[in-house]
Amino acid sequence: MDELMNVLLLGAALYITWTLFQIRQLEHWLQSHKVSHIPDASGIWGNIFDHLSRHKKREISEKKRLKKVIMRVETMTAALNDAIVLLDEEYTITWLNKASRNLLDLKKNDVGHPIHNFIRNPLFLEYLEADNHDIPLVLPTSNHVEQRLEFRLNHFGENEGLLIVRDITRLYRLEQMRKDFVANVSHELRTPLTVIMGYIETLDDTQPLDACWQKPLQQIHQQATRMTTLINDLTALSKLETESTSQTSQTIPLKPLLQMICDATETISDQHSIELECGESFALIGHERELHSAFSNLIINAINYSRQQKVVRVNVSLNFTGGLDIKVIDKGIGIEQQHIRRLTERFYRVDSSRSLETGGTGLGLAITKHVLVRHNGRLHIRSRINQGSTFTAIFPKERVKMLNTD
Ligand code: ADP
């Protein structure tokens, strides 16, 4: 019995020693990182080493594959001329590509720091913190006076940001040239046109004039007047494009402004009446001259494109965001859906013969849109053919002021 016990104990001791030896081999192998030097073993330990070795090989090849993908993405983003910066929700830089170093003067070790520590223009922080990033931000750089960069922030993942920065200096210069050209042409045309108008008026006053000259003279007068309106609108538009928006804004009580426009418009067309619904306390922070022209264009259009339907409504109300909606509602000819998107383009007309009839230049809504954008607002258009249109000028909360009218 004792003998059997001794044999069993010896067997158990040998088995434990063998197992400890295999465990030690396993530890050595795992530490060595050499997948190919798989320890020799038989039985269960042989199977364990095989499984682990296969697992390790798979892991290594997956790592290699991922490394290759990362290298490829890095080479691709390094080849881009646009700067790409990844930001976390606090606007801290988490990654940047090579172009960020040239365009934004960022370095690899700027990762981990907030981006607004490096781009110090206050407009940039304002743009980052805005709710809407649909319209990109254009900023000059401190390096070159003429250089312009366009910043566009896109969101992804959990509140992460992908900031793409493009050098748009060339485009900006071309745009500047176009604006200057329009402004100069409008200005240069004004003088000869004033002279022509002067002569027409003198001839008009010259009595008696041959009957055969009366009709041509009347047409010359009409066309010269049209050209004057066109030049006035072009000049207004190019001023809106070239003047900076940083002029001092005023608080403009809305009711008196709209009342003045409605009264003036009613005198042009005595067949129409305009109903104004506007609380006394509503005011906007902005530029009176610009807002006057934007609202006038909407109200005059409502009258011009409302054949028999003689009542136009102007309604002012707060919207659910705390912003202000100024609606100009007519029951006129309406606009087909496919035109609505393009109405604010320069010289876009739904029906040019009708527009010529009303004396329209095709620039009115372009001016209105520009004014609204300069006031951080936008234009919303809803229309049904033969049922009428509603043009809504929408201003954000920051532009609205409620006056104490007690
Ligand atoms: P225009 O000087 O020709 O009126 P606008 O820029 O003011 O130019 O308007 C562009 C076009 O939009 C107009 O030609 C007209 O076809 C259309 N439009 C503008 N307002 C209205 C409206 N209230 N009802 C119907 N069509 C309109």
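Counting convention: from 1, in listed order, for ligands and their atoms alike. All heavy atoms count here, side chains included; hydrogens, waters and symmetry mates do not.
- Annotation: F124 is in aromatic contact with F151 [ring centroid separation under 6.0 Å].
- By the 3.5 Å distance cut-off applied to N or O atoms, G334 is not counted among the residues near ligand 1.
- Note: no N/O pair closer than 3.5 Å links F391 and ligand 1 by distance alone.
- T321 meets the side chain to side chain contact (heavy atoms under 4.5 Å, CB included) test with N319; sequence neighbours excluded.
- The L365 neighbourhood of ligand 1 comprises atoms 5 (P), 6 (O), 7 (O), 9 (O), 10 (C), 12 (O), 19 (C), with distances under 4.0 Å to a heavy atom of that residue.
- Taking N102 as the reference, nothing meets the side chain to side chain contact (heavy atoms under 4.5 Å, CB included) condition, with sequence neighbours excluded.
- Side-chain N/O atoms of H155 and H133 include a donor and acceptor closer than 3.5 Å.
- Interface atoms of ligand 1 facing G364, defined by a heavy-atom separation under 4.0 Å, are 5 (P), 6 (O), 7 (O).
- Every atom of ligand 1 with a heavy atom of S389 under 4.0 Å away is listed here by number and element: 24 (N).
- Contacts with ligand 1 closer than 4.0 Å are made by no heavy atom of T368, backbone or side chain.
- By the 6.0 Å and 45° rule, R342 does not stack over the aromatic ring of Y348.
- Of all the atoms in ligand 1, the ones that sit under 4.0 Å from a non-hydrogen atom of R349 are 3 (O), 14 (O).
- A cation-pi geometry, defined here as NZ or CZ lying under 6.0 Å from the six-membered ring centre and within 45° of its normal, holds between K56 and W29.
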Problem set entry | Audit row: I340, Q337, side chain to side chain contact (heavy atoms under 4.5 Å, CB included) steps and yes/no | CA-CA 6 Å; I340 291 186; Q337 216 53 33; 3.9 Å; yes
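- Judged by the shortest distance from any of its heavy atoms, D330 lies inside the 4.0 Å radius around the atoms of ligand 1.
- Considering both main-chain and side-chain atoms, V350 comes within under 3.5 Å of ligand 1 through a nitrogen or oxygen pair.
- Each of the atoms 10 (C), 11 (C) of ligand 1 lies under 4.0 Å from some heavy atom of Y348.
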